[in-house]
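One structure below.
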2 protein chains.
Amino acid sequence: MTRVLVVDDSPQILATLRLNLRARRYQVQVAPDGKDALTGAAEWHPDLVILDLGLPDMDGVDVIRGLRGWSAVPIIVLSGRAGSGDKVDALDAGADDYVTKPFGVDELLARIRAITRRVPAGEDLPTVDVGRHSVDLNGKIVHGPGGTRVHLTPTEWGLLEILVRNPGKLISQRRLLTEVWSPNHLSETNYLRVYLASLRRKLEDDPSRPRHFITEPGMGYRFEP
Amino acid sequence: MTRVLVVDDSPQILATLRLNLRARRYQVQVAPDGKDALTGAAEWHPDLVILDLGLPDMDGVDVIRGLRGWSAVPIIVLSGRAGSGDKVDALDAGADDYVTKPFGVDELLARIRAITRRVPAGEDLPTVDVGRHSVDLNGKIVHGPGGTRVHLTPTEWGLLEILVRNPGKLISQRRLLTEVWSPNHLSETNYLRVYLASLRRKLEDDPSRPRHFITEPGMGYRFEP
DNA sequence: GCGGGCCGTCAGGGAGGCGTCAAGATTCCA
DNA sequence: TGGAATCTTGACGCCTCCCTGACGGCCCGC
């Protein structure tokens, strides 16, 4: 089932879209501002984002850039501004479509179908740079300098994905253990030490002085792009 | 270089678009009606089609259907009609975007960038080389060195196609089992072992040391060109 | 200065995944 | 109806990866 994240500060539009999308068997989650949109997308991994440009807390184009930093999820922009410059800015920042308000729900639904048809839902992870290595989360490939390749084990990929999808953010030991292992492994913090060491050995230029996989003692780990 | 086919019966629009696109280093070909559009697309294999719905000889939506019958090329529709029904029809017939006239050239160019960004231009692979063998996916034929032929079973073709269409990318066991067998066979990973062995025996130079069909333990398989 | 957490490192053992082979079971076509 | 091609199933040995425990370094408070 296609997962749609709707970002808008107007409760009416939110309610209308949620109703219409749910009736068409989409899975819907909503966010009222840019901050919630970014965290929601990082945690929920939607197949499509519908984004109003006029958000209370941040510029819509910055939200697009924030998403595009780590995700290739399709983005449909809603906006009251019909100016050519606004459209060009949003599209060039990484939006896939631009619909001006007021819009017909039928048209929006058709555009949603057009976009999800092209992207079979699920190919939303681009490549991320980690120092001199480039990490392709989609193809599960790590390229090193000079055409070399680095091999990662499933557990290493699990850790790497969570960290890289939340650049700059502190990820608690609790969350890493829960998502990579299980909620029963919350006390096994030594697993993290072993596998973080392994990731650093494979991806950091100087594993003993990590620059991208940072330890926050007592709390967790952080990925610095 | 991205190849764009522009379909419109108005000489002015044709000239304007050709000028602007050529200036942005697109390769442009034009067609004045639906018949020329279909034959032109079949012979020239454009990476993008810009299609005016108001053509003299046939309905624009039929042109879309005609293209979609055999090609997945992105289509941007131009139309003077702003009605919601027209948009829905065109998009559901297979168009990727819908721009109403009069339109700004800047906006159209931004939409072109947005669409071609997603599809990296030219990604059908009729024949693929696997070591000393060449695989014709359309004709379902494998040629070996020296004019020999290799026979593959339907299941082998199923596996081979998914792997070869995603060169370099890791394909999960889950996806292979789902698409070649069914979602009920997710636990039968032994099938994969048997048929991967079979593919290697038929296509690899040294089946015991595979160079093109790589196992990623615990995750899936990968085709290396 | 000293001790206790917390973290990084290393290497061995065990379990599960993988490749291989061959023998049924099933389907397909003549 | 018979035979051939294809798919399924099971057994066995190998190899990878995960877990585990021990040790040392660093930082902090006492």
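A, B, ... follow the sequence lines: proteins, then strands. Residue 1 opens every chain.
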Listed nucleotide nearest any side-chain atom of [X], set [options]:
| X | options | value |
| --- | --- | --- |
| A:Val194 | C:dT20, D:dT6, C:dT9 | C:dT9 |
| A:Asn190 | D:dT20, D:dC17, C:dC18 | D:dT20 |
| B:Trp181 | D:dT8, C:dG8, D:dG21 | D:dT8 |
| B:Tyr191 | D:dT6, D:dT9, D:dG21 | D:dT9 |
| B:Tyr195 | D:dT8, D:dC17, D:dG21 | D:dT8 |
| B:Ser208 | C:dC18, C:dG8, C:dT20 | C:dT20 |

Thinking salt bridges, do B:Arg68 and B:Asp96 make one under a 4.0 Å N-O criterion?
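Result for this pair is yes, salt bridge flagged.
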Scan A:Tyr221 against the nucleic acid and name what it touches under 4.0 Å (heavy atoms): base, sugar-phosphate only, or nothing.
sugar-phosphate
OP1 or OP2 of [N] less than 4.0 angstrom from a side-chain nitrogen or oxygen of [X], does that happen here?
| X | N | answer |
| --- | --- | --- |
| B:Thr153 | D:dC7 | yes |
| B:His151 | D:dA5 | no |
| B:Gln173 | C:dG17 | no |
| A:Thr215 | C:dC7 | no |

Just how far, in rounded Å, is [atom2] of [N] from [atom1] of [X]?
| X | N | atom1 | atom2 | value |
| --- | --- | --- | --- | --- |
| A:Arg209 | C:dG8 | CZ | P | 14 Å |
| B:Leu152 | D:dA5 | CG | P | 15 Å |
| B:Glu156 | D:dC7 | CD | P | 7 Å |
| B:Arg193 | D:dA11 | CZ | C1' | 11 Å |
| A:Leu177 | C:dC7 | CG | C1' | 14 Å |
| A:Leu196 | C:dC6 | CG | P | 17 Å |
| B:Ile214 | D:dT16 | CD1 | C1' | 15 Å |
| B:Leu199 | C:dC18 | CG | P | 16 Å |

Under the criterion salt bridge (charged side-chain N to carboxylate O under 4.0 Å, His left out), I'd like the reasoning laid out for B:Asp205 against B:Arg132: C-alpha separation, chi angles, the key distance, then a yes or no.
CA-CA 8 Å; B:Asp205 287 341; B:Arg132 297 139 54 87; 3.3 Å; yes
Inspect the surroundings of NZ in B:Lys35 and state if more than 12 heavy atoms from other residues, nucleotides or ligands are less than 6.0 Å away.
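No.
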Closer to the 5' end of DNA chain D via nearest nucleotide, is it B:Glu188 or A:Thr155?
B:Glu188
Would you say that A:Leu17 contacts A:Val28 through its side chain, given a criterion of any heavy-atom pair below 4.5 Å between the two side chains?
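No. Closest side-chain heavy atoms not under 4.5 Å.
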A:Tyr26 vs A:Ile112 side-chain heavy atoms within contact, under 4.5 Å
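When only atoms from C-beta onward are counted, A:Ile112 and A:Tyr26 do touch, with a gap below 4.5 Å.
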Both B:Met219 and A:Arg201 contact DNA chain C. Which one's nearest nucleotide lies toward the 5' end?
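Result: A:Arg201.
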Do the ring planes of A:Trp70 and A:His45 sit parallel (below 30°), tilted (30 to 60°) or perpendicular (above 60°)?
perpendicular
